[in-house]
Amino acid sequence: MPKGTRHEEARRNLAINLKYGRTLLGLTQEQLAEKANLDRTQIGAIERQASGASIDSLGALGMALGVPSHVLIMPPAEAHPVVLAATEAAASESRQSKRASTEGKSRRAP
């Protein structure tokens with residue numbers, strides 16, 4: 001594929017946005033691969049721009065990061081605020097869930 005094509009730009013955007021979302025969530029490539037039901041080597045290849053992603057893989061990665069799949073191929077300046085908001089929402093839900101679990105345990109204590 002010739003340099004500078006739209007496919008190359010989409011692959012670059014995907015690499016940048018995927019790594020951004022993964023690091024915001026504090027996930028390793030292996031952990032993200034597990035969440036997306038993909039192979040860790042595929043995550044690494046995508047982040048290095050050595051490989052693209054199928055539509056199915058793109059959908060799985062979007063779900064694993066909590067963002068619509070099309071966000072992953074948007075220019076990073078447009079995608080990063082969406083990814084950041086999604087990861088902050090996920091972190092907030094996680095904190096609330098942990099808090100509720102802890103409160104429930106303390107109520108049961110004699």
Side-chain angles (χ1 to χ4, degrees):
M1 190 175 304
K3 290 260 184 215
T5 65
R6 287 187 176 200
H7 296 284
E8 186 176 293
E9 183 179 337
R11 184 179 284 186
R12 180 179 124 341
N13 292 346
L14 174 59
I16 293 167
N17 295 334
L18 183 64
K19 187 169 186 177
Y20 180 72
R22 180 177 64 77
T23 55
L24 281 176
L25 290 172
L27 299 174
T28 64
Q29 289 180 348
E30 188 171 349
Q31 290 168 326
L32 176 58
E34 189 174 307
K35 282 185 74 159
N37 199 28
L38 299 171
D39 190 83
R40 185 210 49 84
T41 59
Q42 186 176 4
I43 304 298
I46 292 169
E47 288 186 358
R48 289 189 318 277
Q49 300 177 48
S51 174
S54 70
I55 293 295
D56 292 335
S57 295
L58 192 60
L61 290 167
M63 288 184 68
L65 295 176
V67 298
S69 56
H70 74 275
V71 170
L72 294 175
I73 59 172
M74 291 170 52
E78 296 172 28
H80 287 187
V82 177
V83 174
L84 179 61
T87 58
E88 287 176 340
S92 177
E93 288 175 16
S94 178
R95 283 191 301 272
Q96 289 174 352
S97 176
K98 286 179 184 176
R99 192 175 307 126
S101 175
T102 303
E103 289 173 359
K105 287 178 185 176
S106 65
R107 287 187 195 134
R108 286 183 252 154

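Here CD of Gln29 is found 7.5 Å from NZ of Lys19. Values are rounded to the nearest 0.5 Å. Glu8 contributes atom CD, which lies 10.5 Å from atom CG of Asn13 (distance to the nearest 0.5 angstrom). Here the CG atom belonging to Leu61 is positioned 12.0 Å from the CD1 atom belonging to Ile73, to the nearest 0.5 angstrom. To the nearest 0.5 angstrom, Leu25 atom CG is 10.0 Å from Gln31 atom CD. Distance check, rounded to the nearest 0.5 Å: CZ of Arg40 to CG of Leu32 gives 12.0 Å. Between Ile43 atom CD1 and Thr28 atom OG1 the span is 10.0 Å, to the nearest 0.5 Å.
Residues Val67 and Val83 come closest through the heavy atom pair CG1-CA, 3.9 Å. Scanning all heavy atoms of the two residues, the minimum distance from Ser51 to Arg11 falls at C-NE, 3.8 Å. Taking all atoms of both residues into account, the shortest heavy-atom contact from Gln49 to Ala15 is CG-CB, 3.5 Å. Of all the heavy atoms in Pro76 and Asn17, the pair that sits closest is CA-OD1, 3.4 Å. Shown here for Leu38 and Ser57, the closest heavy-atom pair between the two residues is CD2-OG, 3.6 Å. In plain terms, the two heavy atoms of Ile46 and Ala53 that are nearest each other are CD1-CB, 3.9 Å.
Proximity of Leu72 to Leu65: side-chain heavy atoms (C-beta onward) are separated by under 4.5 Å at one or more points.
No single ILVMFWY cluster, assembled from side-chain heavy atoms under 4.5 Å apart, contains both Met63 and Leu18. Transitive grouping of hydrophobic side chains (ILVMFWY, heavy atoms separated by less than 4.5 Å) keeps Ile16 and Val71 in distinct clusters.
Pairs engaging residues 21-32 under the salt bridge (charged side-chain N to carboxylate O under 4.0 Å, His left out) rule: Arg22-Glu47 [sequence neighbours left out].
Defined by atom type and a distance below 3.5 Å, a donor-acceptor pair is present between the side-chain atoms of Asp39 and Thr41.
Counting only distance, with no hydrogens or angles, the side chain of Asn37 and the backbone of Ala60 share no donor-acceptor pair below 3.5 Å.
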